[in-house]
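What follows is a short report on a single structure.
As the structure lists them, so they are numbered: ligands from 1, and atoms in each ligand from 1.
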Amino acid sequence: MLTQLVAYQNEFPEESADRAVPTHMKIHEYQAKEILSKYGVAVPKGEMANTPEEAAAEARKLFAEGASGVVVKAQIHAGGRGKGGGVKVARSREEAEEHVKNILGMQLVTHQTGPQGQKVQRLLIEETAAIDRELYLGIVLDRATGKLVYMASQAGGMEIEEVAAKTPEAIFKETIDPAVGFGAWQARKLAFALGLKPTQINQAVAFLQSLYKAFIDTDASLVEINPFITTKDDKLFALDAKITFDDNALFRHPDIKALRDVAEEDPLEVEASKYALNYIKLDGTIACMVNGAGLAMATMDIIQYAGGSPANFLDVGGGATQEQIEHAFEILLSDANVKAIFINIFGGILRVDRLATGVVAAAKKLNVKVPIVLRLEGTNVEEGRKILKDSGLNFEVGATMKEAAELVVAAAEGAK
Ligand code: GDP
Ligand code: MN
């Protein structure tokens with residue numbers, strides 16, 4: 001979540017509709033594997049299924065082709081599916097059909113979905129692999145150095161965050177110089193660090209390089225193979241695959257953009273994206289409406305500092321229209337946790353009077369009941385304040401950002 005916020009950028013204003021998709025677009029495992037296999041990364045044989053019939057047919061086909069087992073895998077945009085019961089191995093067609101019945105349509109709860117879980121609407125049916133070792137590979141941008149870092153670990157198949165926290169020395173890292181790229185020597189170094197057999201090294205080097213090429217070509221922001229497996233007959237496979245993409249580069253990849261599955265995203269975030277609003281839902285009680293990502297971050301901080309908790313991140317942008325402000329209000333109010341609204345606007349491109357007109361119209365139209373606190377500065381601020389005062393609605397205006405934050409926290413507490 002925080003990386004999403006920190007990564008917020010606004011480089012392509014002409015692509016405003018594109019910018020509104022999540023900052024790092026996620027895709028499903030089966031889609032990631034399709035992309036990776038085009039780059040020569042070895043993945044198990046398999047197919048996505050939307051219905052029990054499709055799943056049964058795919059399982060039948062794999063058994064007919066000689067598979068000794070198939071694995072039924074829930075496709076949701078979250079990890080930890082194995083532990084949550086969303087990944088099951090079957091040794092017969094009947095067993096596979098039983099797993100399909102149980103997993104398809106289930107509300108799958110993992111450490112990444114939150115307690116409400118995520119409904120499983122698609123499956124991946126794959127041939128099982130005779131796993132020897134479960135390893136880990138990942139490529140991610142290291143924001144501290146501004147370079148990509150290639151990570152490898154022998155502790156695959158488990159939560160890598162836990163490995164990183166408890167035994168950081170178990171994760172090997174190679175920093176990639178952007179001018180040079182990922183060197184074959186670096187791939188060899190990682191392959192040896194993984195404790196691979198001599199007969200597996202060349203295969204592993206090719207695997208690691210293909211993965212890197214896929215990352216670069218697709219403008220990915222993260223590629224993670226967990227587990228990266230070796231088999232009893234010395235083969236290497238990506239048994240799981242996660243890729244996220246940099247939203248700001250999606251305009252270069254219409255084929256990747258088409259892989260977006262809005263059924264997996266927060267409904268309020270999807271709604272916000274329709275109106276080009278940069279909205280990210282959080283768990284607190286104070287809704288925020290702010291212009292500018294930096295000010296939005298600062299607003300969330302000052303709410304916390306005043307003892308409250310933000311219900312969302314929302315940047316309405318510089319050129320917000322009245323319609324956008326109304327939709328923003330609707331989205332904020334659709335969150336049942338919201339107890340008060342904090343509107344923090346610095347009028348630059350967005351003039352304060354225009355904002356105030358939009359806010360008054362939206363508050364009247366939507367019959368807003370929760371308390372609203374504003375902090376306004378900038379162009380036409382006096383006109384803006386007058387519009388609010390004359391509206392007859394009950395707005396509180398803080399003189400400073402700090403005072404406004406304290407007012408809104410008190411208002412949220414009073415509303416409990
Ligand atoms: P995740 O839990 O969401 O990360 O899903 P994974 O795709 O990583 O699967 C979880 C675990 O299921 C893996 O770490 C493996 O131990 C196991 N698993 C997945 N596919 C297979 C398979 O084909 N054969 C066997 N034996 N185990 C598998
Ligand atoms: Mn995994």
Any N/O of [X] closer than 3.5 Å to an N/O of ligand 1?
X: Gly82; answer: yes
X: Val71; answer: no
X: Asn226; answer: yes

Parallel, tilted or perpendicular: which fits the ring planes of Tyr275 and His327, with parallel below 30° and perpendicular above 60°?
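If you compare the ring of Tyr275 with that of His327, the planes turn out parallel.
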Counting only heavy atoms not in Lys235, do more than 12 sit closer than 6.0 Å to its NZ atom?
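For Lys235, atom NZ is not crowded (no more than 12 foreign heavy atoms under 6.0 Å).
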More than 12 heavy atoms of other residues, nucleotides or ligands under 6.0 Å from NZ of Lys166: is that the case?
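No, not enclosed.
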How about [X] and [Y]: do any of their side-chain heavy atoms sit closer than 4.5 Å?
X: Glu264; Y: His28; value: yes
X: Met25; Y: His253; value: no
X: Glu34; Y: Met48; value: no

List every atom of ligand 1 that sits less than 4.0 Å from any heavy atom of Asp240, numbering the atoms from 1 in the order shown and giving each element.
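Here the atoms of ligand 1 in question are 1 (P), 4 (O), 5 (O), 6 (P), 7 (O), 8 (O).
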For Lys73, state whether at least one heavy atom is located under 4.0 Å from any atom of ligand 1.
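A heavy atom of Lys73 does come that close to ligand 1.
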Is a donor from one side chain sitting under 3.5 angstrom from an acceptor on the other, for Tyr30 and Glu47?
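No, because no side-chain N or O of Tyr30 sits under 3.5 Å from a partner of the opposite role on Glu47.
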Is atom 21 (C) of ligand 1 near the protein, in the sense that some protein heavy atom lies at less than 4.0 Å from it?
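Yes, at least one protein heavy atom sits under 4.0 Å from atom 21 (C) of ligand 1.
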Check whether any protein heavy atom sits under 4.0 Å from atom 11 (C) of ligand 1.
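Under 4.0 Å from atom 11 (C) of ligand 1, zero protein heavy atoms found.
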Which residue supplies the protein heavy atom nearest to atom 5 (O) of ligand 1, what is that atom called, and how far is it?
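So the nearest neighbour among protein heavy atoms is Arg81 NH2, 3.1 Å.
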Starting at CZ of Phe342, measure out to OG1 of Thr299 and round the result to the nearest 0.5 Å.
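So the gap between those two atoms works out to 5.5 Å.
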Taking the Mn ion (ligand 2) as the center, what protein N, O or S atoms are found at less than 2.8 Å?
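Result, waters dropped: Asn226 O, Asp240 OD2.
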